[in-house]
Each structure stands twice: as C-alpha cells, then as structure tokens.
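What follows is one structure encoded as structure tokens, with my remarks underneath.
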Amino acid sequence: MTTDDGEGTDAGGVDWDARAATFDEEPDHGLRDPEVRAAWAARLKDWLPGDVLDLGCGTGSLSLLAAEQGHRVTGVDRSPAMVQPARQKLAGRHAAFLTGDAARPPVDGERYDAVLVRHVLWTLPEPGRVLRRWRGLLRPGGRLVLVEGVWGTVSPVGIPVDRLTALLAPLTARVRVERLSGDPALWGREVDDERYAVVALRE
C-alpha cells in the first residue's frame with residue numbers, strides 16, 4: 001500500500017507504518033465481514049490464474065484469499081509494519097512477503113501469471129512507465145489485475161478508468177473493465193464514487 005522511497009511512507013506523505021495497526025478495521029481492508037470477504041473471493045476467483053504477485057499488498061487480506069484458492073502468492077509492500085501481519089496471516093501457506101517498492105518490485109527476475117494491484121497505481125508518478133514494468137513481470141498469457149478508482153468530491157484523488165485504459169492501450173488490446181461501485185458487498189456499504197477493476201492480458 002506504500003510506494004515512495006521513505007520507509008513506510010508514500011508519495012503523499014502518508015505513514016503506512018503508523019496506520020498498520022488499524023488498517024484492517026476498514027471493511028474492504030481486513031475483509032473480516034463474511035459478506036465482504038465472500039464478495040472479494042468471488043472476484044479473485046474470476047480474475048486470477050496461477051502464481052500471483054500482490055503489489056502494495058498491505059496486511060495481506062487479498063493475498064490470503066488468493067492463497068486459499070490455491071494460488072502461490074508473493075506480496076510486496078513498502079511498509080514493514082504492513083508486511084508483518086501479512087506474514088502472520090499466511091503462515092504455513094505457499095506465500096512470501098517482501099518489503100519493497102511496488103513500482104519497482106524486488107523479485108529478482110521472477111515472472112508471474114497475475115500481477116494484482118489494488119488502490120496503488122494512482123499514487124505513483126509516471127504510471128505509464130510503471131505499467132510497462134509490471135507487464136514485464138508477467139509470463140506470456142498472464143494478466144494485470146488493477147483495482148482503482150476516483151475518491152472524493154471536493155478534491156478528488158485517484159485515476160479515472162478512461163485514463164488507465166489509455167495508458168494500457170500501447171501494451172495490450174485485450175483489456176476488460178469491471179465497474180465495482182455498484183456492488184456494496186465489496187466495500188461493506190453503498191458507495192457513490194468511481195471504483196472499478198481493469199484486467200489486461202499480456203498477449
């Protein structure tokens with residue numbers, strides 16, 4: 001969930017190490033509510049093949065769902081305080097967690113069937129360059145699974161779906177958009193902002 005060069009701090013100055021202790025209290029972060037958990041599990045079952053790289057993995061809630069579905073998971077997060085509970089959640093499973101920058105994952109040339117990134121790309125400078133780097137982490141036929149949105153009305157933050165699909169256009173023609181705002185089970189409540197997933201295949 002963190003991306004900048006400062007340990008545990010993102011480009012906007014958010015200290016994710018400090019937020020780690022309460023991060024899972026949000027319904028779509030900790031996935032403690034059975035309905036929210038089931039909603040995300042259903043989406044991941046449709047989105048994810050094979051070995052998964054979960055970038056900006058936070059406390060590992062999506063990683064855990066993927067591992068429960070039989071995927072081998074590697075998670076990366078800038079915040080050591082986020083990585084620690086992720087390791088605890090997935091202890092004994094086919095999973096590994098690394099402390100590092102989601103924009104430049106420290107995976108030593110490994111390749112994956114899916115790169116899963118939720119609510120991270122919008123925080124990164126030069127997202128087009130980052131997407132090319134992430135595409136290079138995919139095996140042939142692999143897919144980028146990008147969950148993003150635009151939040152807030154006075155000073156909205158995020159990345160609109162049209163901008164993200166335009167950034168992906170030079171990389172692949174096989175892009176699917178799923179609108180997520182209308183599924184309150186994913187968020188634990190009704191939402192009225194823009195939330196979506198983009199699944200982009202490496203051809």
Side-chain angles (χ1 to χ4, degrees), residues 1-24 26 28-31 40 44 47-68 71-139 142-148 157-159 164 167-168 171 197-198 200 202:
M1 195 77 186
T2 54
T3 55
D4 199 50
D5 291 332
E7 182 177 286
T9 304
D10 72 7
V14 178
D15 184 347
W16 292 106
D17 283 341
R19 294 193 179 189
T22 58
F23 185 77
D24 280 353
E26 288 293 325
D28 59 314
H29 291 171
L31 308 183
W40 281 103
L44 294 187
W47 292 338
L48 299 180
D51 296 339
V52 176
L53 178 61
D54 184 2
L55 296 177
C57 64
T59 60
S61 296
L62 291 185
S63 292
L64 179 58
L65 290 183
E68 289 175 345
H71 301 284
R72 186 174 66 177
V73 180
T74 301
V76 176
D77 201 283
R78 169 66 70 182
S79 166
M82 292 283 190
V83 169
Q84 181 179 358
R87 288 176 175 150
Q88 292 170 347
K89 287 179 184 179
L90 281 88
R93 299 184 180 274
H94 291 294
F97 290 91
L98 308 170
T99 302
D101 190 346
R104 297 179 293 275
V107 293
D108 297 328
E110 288 290 321
R111 296 292 181 268
Y112 302 87
D113 300 300
V115 173
L116 171 65
V117 193
R118 182 172 68 162
H119 302 169
V120 172
L121 183 65
W122 73 272
T123 70
L124 302 176
E126 300 185 284
R129 179 176 294 181
V130 171
L131 287 169
R132 289 192 296 274
R133 188 177 296 126
W134 289 348
R135 181 185 180 276
L137 297 172
L138 292 171
R139 295 171 180 147
R143 58 182 67 178
L144 295 175
V145 179
L146 309 169
V147 181
E148 289 292 341
V157 297
I159 181 169
L164 180 49
L167 290 169
L168 288 165
L171 305 180
V198 170
R202 174 168 182 170

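- Residue L167 holds its CG atom at 6.0 Å from CG of L131, rounded to the nearest 0.5 Å.
- Note that OH of Y112 and CG of L137 are 7.5 Å apart. Values are rounded to the nearest 0.5 Å.
- The CG atom of L144 lies 10.5 Å from the CG atom of L116; values are rounded to the nearest 0.5 Å.
- The main-chain N or O of V83 is never found under 3.5 Å from a side-chain atom of D77 such that the two would form a donor-acceptor pair.
- Within the 4.5 Å cutoff, no side-chain heavy atoms of L138 are placed close to those of R111.
- Judged as a side-chain hydrogen bond (donor to acceptor under 3.5 Å, both in side chains), the pairs with a partner in residues 128-139 (not counting sequence neighbours) are, in order, D51-R139, D113-R139.
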Handout entry: Evaluation steps, side-chain contact (heavy atoms from CB on, under 4.5 Å), between H119 and V147
Key = CA-CA 6 Å; H119 302 169; V147 181; 3.9 Å; yes
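- In this structure W47 satisfies the side chain to side chain donor-acceptor pair (under 3.5 Å) test together with E178, sequence neighbours excluded.
- A pairwise comparison of heavy atoms in P127 and L121 identifies CB-CD1, 3.8 Å as the closest pair.
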Exercise for the section: Step by step, work out the side-chain contact (heavy atoms from CB on, under 4.5 Å) result for V115 and V145. Expected result: CA-CA 6 Å; V115 173; V145 179; over 6 Å; no
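- Atom-to-atom distance recorded for L65:CG and H71:NE2 is 10.0 Å, nearest 0.5 angstrom.
- For E68, the side chain to side chain donor-acceptor pair (under 3.5 Å) criterion is met by R37, not counting sequence neighbours.
- Of all heavy-atom pairs between T99 and R78, the closest is CG2-O, 3.5 Å.
- Shown here is R87, whose CZ atom has more than 12 heavy atoms of other residues, nucleotides or ligands within 6.0 Å.
- The shortest distance between side-chain heavy atoms of L53 and V73 does not fall below 4.5 Å.
- With values rounded to the nearest 0.5 angstrom, R118 atom CZ is found 13.5 Å from L55 atom CG.
- One distance of note links CG of L64 with NZ of K89; it measures 7.0 Å at 0.5 Å rounding.
- Heavy atoms only, all atoms of each residue included: V76 and G100 are closest at CG1-O, 3.4 Å.
- Residues C57 and M82 are not in side-chain contact: their nearest non-hydrogen atoms beyond the backbone lie 4.5 Å or more apart.
- What you find for G60 and L90 is that their closest heavy atoms are O-CD1, 3.7 Å.
- For A86, the side chain to side chain contact (heavy atoms under 4.5 Å, CB included) partners at least two apart in sequence or on another chain are F97.
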Handout entry: Derivation and outcome, side-chain contact (heavy atoms from CB on, under 4.5 Å), residues V107 and L98
Key = CA-CA 8 Å; V107 293; L98 308 170; 4.2 Å; yes
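- The nearest pair of heavy atoms linking G56 to V120 is CA-CG2, 3.9 Å.
- Contact annotation: the side chain of L62 approaches that of L44 to within less than 4.5 Å [non-hydrogen atoms, C-beta and beyond].
- When all heavy atoms of P106 and D101 are compared, the pair lying nearest together is CD-O, 4.4 Å.
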